[in-house]
Protein chains: 2
Amino acid sequence: MRHPAQIGVARVLSLRTRGSMKLITRDTDYAVRALCYLAKHRERTISVPELVKALEIPRPFLRKILQLLHNKGILKAYKGKGGGFSMAISPGRISLIEVMRVFQGQFSLNECLFKKECCPRRYSCGLRKKIMEIERQALKDIGKITIGNLARD
Amino acid sequence: MRHPAQIGVARVLSLRTRGSMKLITRDTDYAVRALCYLAKHRERTISVPELVKALEIPRPFLRKILQLLHNKGILKAYKGKGGGFSMAISPGRISLIEVMRVFQGQFSLNECLFKKECCPRRYSCGLRKKIMEIERQALKDIGKITIGNLARD
DNA sequence: TCCAAATGATACCATAATTGTATCATTTGT
DNA sequence: ACAAATGATACAATTATGGTATCATTTGGA
Ligand code: FES
Ligand code: FES
């Protein structure tokens, strides 16, 4: 006999509570906000306390973010009393991708790991090819977004 | 005096070790593989042991994935000896997005949370608008990928 | 009838990523 | 000298990811 009884189309909700799937993480977001603020006040050197007041970002976290942006050469830093940060590059030349890469590493929408090793079907896989194409397009579009045009609201 | 000393453009590497930023998680990937296998053998009912051999996916994990796909109405399930799973819908009508939503929840590339609440600038934010547009396009493209055309390699 | 083979439901666990905090050292203008 | 700033770095809490384990239930067949 050939299995007549199907169980029925249950619509039980998420066994795990997921819902995020976000592409831009908190630190990238914070970084963008901070960079926009700095971009709008290029004439001045902005200190962390000022940024904290303006952006309501947890101070130690913001400090870490700014330090990283400095290490990556995106910000200039001035130590000592009256010091702070300012843009090292023209805001129009800082793409959102660069900021994302600082905090989120390299893009790679589908890694398809196979037990810690690189997937054997990697180069034949159809899914991979299609996802890569979508990724390329998205990156191109994200690349067009710069701190410069974000800062202009 | 106006801060002449800049610290120099250090290129210190990632203070955090990141590098993933993947859009498709492991369970989605496993689910796609399993669905493709099922799509290629629609005439039969496929058991978990067979899938484990064919796809080399950890058995208990695969079971959970298949159960969820069944709960969502994507698979039919047959209990008892000789039982297993089979497609409940035509493979050509199962989009990759649907599978992603099952395991990764709703898309939302930029949430921009502001201290656990919804961001106050949400509707004026330029970043958000641009990212949303990119997201829409990416979703449209991912929507075109179906289990059907993936199964055909 | 009883057993083996299959899924259903669910609880648990280990690791890594995310999202922060805290501390101390160093620099610098006054 | 001192206060105000960043530099470097270690630590901690929470959540997401990836995976295991267990027991109950169904079902075909000897
Ligand atoms: S890259 Fe491994 S199956 Fe797609
Ligand atoms: S959505 Fe909050 S600042 Fe962009």
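In what follows, chains carry the letters A, B, and so on, assigned in the order in which the sequence lines appear, proteins first and then strands, with residues in each chain numbered from 1. Worth saying up front: this structure is predicted, and the values here are computed from it rather than measured. Quick note: numbers below take in every heavy atom, side chains included, and nothing from hydrogens, waters or symmetry partners.
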Can you figure out which of [options] approaches the side chain of [X] most closely?
X: A:Arg63; options: D:dA8, C:dT27, D:dG18; answer: D:dA8
X: B:Lys81; options: C:dA4, D:dA8, C:dT19; answer: C:dA4
X: A:Ser47; options: C:dT21, D:dG18, D:dT6; answer: D:dT6
X: B:Pro49; options: C:dA6, D:dA5, D:dG19; answer: C:dA6

Within this structure, what is the [atom1]-to-[atom2] distance between [X] and [N], rounded to whole angstrom?
X: B:Gln67; N: C:dA11; atom1: CD; atom2: P; value: 13 Å
X: A:Phe103; N: C:dA17; atom1: CZ; atom2: P; value: 17 Å
X: A:Asp27; N: C:dT21; atom1: CG; atom2: C1'; value: 15 Å
X: A:Lys64; N: D:dC11; atom1: NZ; atom2: P; value: 13 Å
X: A:Arg59; N: D:dG7; atom1: CZ; atom2: C1'; value: 16 Å
X: A:Tyr30; N: C:dT18; atom1: OH; atom2: P; value: 15 Å
X: A:Lys72; N: D:dA8; atom1: NZ; atom2: P; value: 13 Å
X: B:Leu75; N: C:dG8; atom1: CG; atom2: C1'; value: 14 Å

Using a cut-off of strictly less than 4.0 Å, decide whether [X] has a side-chain nitrogen or oxygen near OP1 or OP2 of [N].
X: B:Tyr78; N: C:dA5; result: no
X: B:Arg26; N: D:dG19; result: yes
X: B:His70; N: C:dT7; result: no

Which residues share a side-chain hydrogen bond (donor to acceptor under 3.5 Å, both in side chains) with B:Glu133, sequence neighbours left out: B:Arg136
hbond_proxy A:Lys79 side chain to D:dG7 base (donor-acceptor, 3.5 Å cutoff):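 Absent.
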side-chain contact (heavy atoms from CB on, under 4.5 Å) partners for B:Thr146, two or more places apart: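 Once residues adjacent in sequence are excluded, the partners of B:Thr146 under the side-chain contact (heavy atoms from CB on, under 4.5 Å) criterion are B:Asn149.
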Contact check, side chains of B:Val52 and B:Phe61, non-hydrogen atoms, under 4.5 Å: no
Note, A:Leu51 side chain near A:Ile57 side chain (heavy atom, < 4.5 Å): no
Closest non-hydrogen atom pair between B:Leu75 and B:His70, with its separation: O-CD2, 3.2 Å
